[in-house]
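Structure first, commentary second.
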Amino acid sequence: MRTLDWVDGAIEMVDQTKLPQVVETLRIETVADLVAAIERLSVRGAPAIGVAGAYGVALAALRHDPGTDRSGFDAAVASIRSARPTAVNLARMVDRVAPIAAADPAAGLAEAHRIRDEELAASIAMGERGADLVEALMVERAAAGDRDGAAVRVMTICNTGGLAAVERGTALAVVQTLHERGRLAEALPIETRPLLQGGRLTTWELQRMGAPHRLLVDSAGPFLLSRGGADVVLIGADRVAANGDTANKIGSFSLALGAADAGVPFVVVAPESTIDPATASGDDIEIEDRGPDEVASVRGVPVAPDGTPACNPAFDITPVRLITALVTDRRTVRFDRGETL
Ligand code: MRU
């Protein structure tokens, strides 16, 4: 299922804020509406917001002809670029399309289509490469006497499926490929408070692919790993720094600590477009703070007294020393074997 695309001069996307109860397609015809959609997470996930940003620049060129209204075009582009700070894909894809669209809007739209197609191909490649790695890791673990059995139990966080990357996704593409190969025993998504991307979106995608799964509360993840409840942890990424430190959904770091303590492989799956060589380490990554309301309520229902102060970092950093490997669309980097980016 393609969850985001350019259709008849506008961006169409599945509204992820409504899932899983309602499957509704949003038609976005203005830059202001796109920025609002990115900010409220109607479209979310690093590759998906990269593609949305690319199409947003094409939209900006339609609304503000760069030949006659260059300042309007530049302001619109800047508003898209800064809609969310942590995932590098958004700024990167906006920067890639903007100069082309400024010179020739039709060429800008063609470049946005190319970005969409690159992400689609990357998802397929990551699925295959990631499934190959997981199978190899299971052979290594069996040889070390750490596990037996052919099928794999995969713990994961947030949503890294087609919703997050137009089609198939990153970590969830690996789960899907394992399932298609008959190698998936079960997926164990954690619910991912505060916005429940694991509980609402990943379960929805797993159900649609017919993959066996059980949903966990966030705090059950590390404990289950300590009891041998999963064979591998697979996560996506919003930005991978040059040294391999990885920004991803808040809760990823706790899973990495739990996995390291239990001797379970912890694998990051992300396209090359999420690697940021300009960011030296995780210390240099800006973490989005989404304010207290999402913490003090669940789906609009208050779960704390009115006015409760709250802290809401949307992402965390997993240091490279806790990451077994990074799988991209082009390579597998075994950090556990001393390989580097
Ligand atoms: O706040 P979100 O839902 O946009 O966060 C998304 C994630 O953290 C994903 O794991 C990441 O973008 C990789 S998606 C393929």
Side-chain angles (χ1 to χ4, degrees), residues 3-4 13-17 19 37-53 83-93 116 118-120 122-127 130 154-176 189-202 204-205 218 221 233-240 246-256 266-276 282 285-291 294-295 312-318 323 326-329:
T3 53
L4 165 74
M13 59 175 71
V14 174
D15 185 351
Q16 299 190 37
T17 63
L19 289 172
I38 294 173
E39 285 174 351
R40 72 171 174 267
L41 274 53
S42 284
V43 58
R44 45 146 300 282
I49 60 174
V51 174
R84 294 191 78 190
T86 303
V88 69
N89 301 60
L90 178 60
R92 171 171 285 162
M93 297 314 170
R116 175 202 60 196
E118 285 170 11
E119 293 298 353
L120 291 174
S123 282
I124 294 167
M126 282 182 284
V154 179
M155 192 175 289
T156 190
I157 182 171
C158 197
N159 170 265
T160 59
L163 290 165
V166 187
E167 263 180 34
R168 284 186 89 89
T170 61
L172 210 63
V174 177
V175 171
Q176 185 168 354
I190 68 171
E191 61 179 352
T192 320
R193 270 284 284 149
L195 296 180
L196 303 170
Q197 290 93 329
R200 295 187 299 109
L201 309 178
T202 299
W204 185 74
E205 292 203 56
D218 294 335
V233 179
L234 298 178
I235 69 161
D238 288 84
R239 188 182 301 236
V240 179
T246 294
N248 192 53
K249 181 52 56 192
I250 191 78
S252 301
F253 179 43
S254 320
L255 284 186
F266 185 92
V267 177
V268 176
V269 186
E272 292 283 335
S273 57
T274 301
I275 299 173
D276 183 12
I285 299 176
E286 183 183 347
I287 300 294
E288 178 181 4
D289 182 337
R290 293 187 57 84
E294 293 172 353
V295 179
N312 188 13
F315 301 97
D316 61 24
I317 305 290
T318 300
I323 302 172
L326 167 68
V327 174
T328 81
D329 42 317

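We count ligands from 1, going down the list as the structure has it; atoms in each ligand are counted the same way.
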* Asked: Which heavy atom of Thr246 sits nearest a heavy atom of Ile323, and at what distance?
  -> OG1-CD1, 3.6 Å
* Would a 4.5 Å heavy-atom cut-off, applied to side chains only, mark Arg44 and Leu195 as touching? -> no
* **Any side-chain donor near an acceptor of the partner, Arg200 and Asn159, under 3.5 Å** => no
Tabulate distances under 3.5 Å between N/O atoms of ligand 1 and N/O atoms of the protein, writing both atom names on each line.
{"residue": "ligand 1", "atom": "1 (O)", "partner": "Arg84", "partner atom": "NH1", "Å": "3.4"}
{"residue": "ligand 1", "atom": "1 (O)", "partner": "Arg84", "partner atom": "NH2", "Å": "2.8"}
{"residue": "ligand 1", "atom": "1 (O)", "partner": "Lys249", "partner atom": "NZ", "Å": "2.7"}
{"residue": "ligand 1", "atom": "3 (O)", "partner": "Arg44", "partner atom": "NE", "Å": "2.4"}
{"residue": "ligand 1", "atom": "3 (O)", "partner": "Arg44", "partner atom": "NH2", "Å": "3.4"}
{"residue": "ligand 1", "atom": "3 (O)", "partner": "Gln197", "partner atom": "NE2", "Å": "2.8"}
{"residue": "ligand 1", "atom": "4 (O)", "partner": "Gly45", "partner atom": "N", "Å": "3.1"}
{"residue": "ligand 1", "atom": "4 (O)", "partner": "Arg84", "partner atom": "NH1", "Å": "2.7"}
{"residue": "ligand 1", "atom": "8 (O)", "partner": "Asp238", "partner atom": "OD1", "Å": "2.8"}
{"residue": "ligand 1", "atom": "8 (O)", "partner": "Asn248", "partner atom": "OD1", "Å": "3.2"}
{"residue": "ligand 1", "atom": "8 (O)", "partner": "Lys249", "partner atom": "N", "Å": "3.2"}
{"residue": "ligand 1", "atom": "10 (O)", "partner": "Asn248", "partner atom": "OD1", "Å": "2.6"}
{"residue": "ligand 1", "atom": "12 (O)", "partner": "Ala46", "partner atom": "N", "Å": "2.9"}
{"residue": "ligand 1", "atom": "12 (O)", "partner": "Asp238", "partner atom": "OD1", "Å": "3.3"}
{"residue": "ligand 1", "atom": "12 (O)", "partner": "Asp238", "partner atom": "OD2", "Å": "2.9"}

* **Test salt bridge (charged side-chain N to carboxylate O under 4.0 Å, His left out) applied to Arg193 and Asp218, step by step** => CA-CA 7 Å; Arg193 270 284 284 149; Asp218 294 335; over 6 Å; no
* Side-chain contact test, heavy atoms from C-beta onward, threshold under 4.5 Å: evaluate it for Leu255 versus Ser252 and give yes or no. => no
* Spell out, as yes or no, whether a donor-acceptor pair under 3.5 Å connects the side chain of Gln176 to the backbone of Gly127. => no
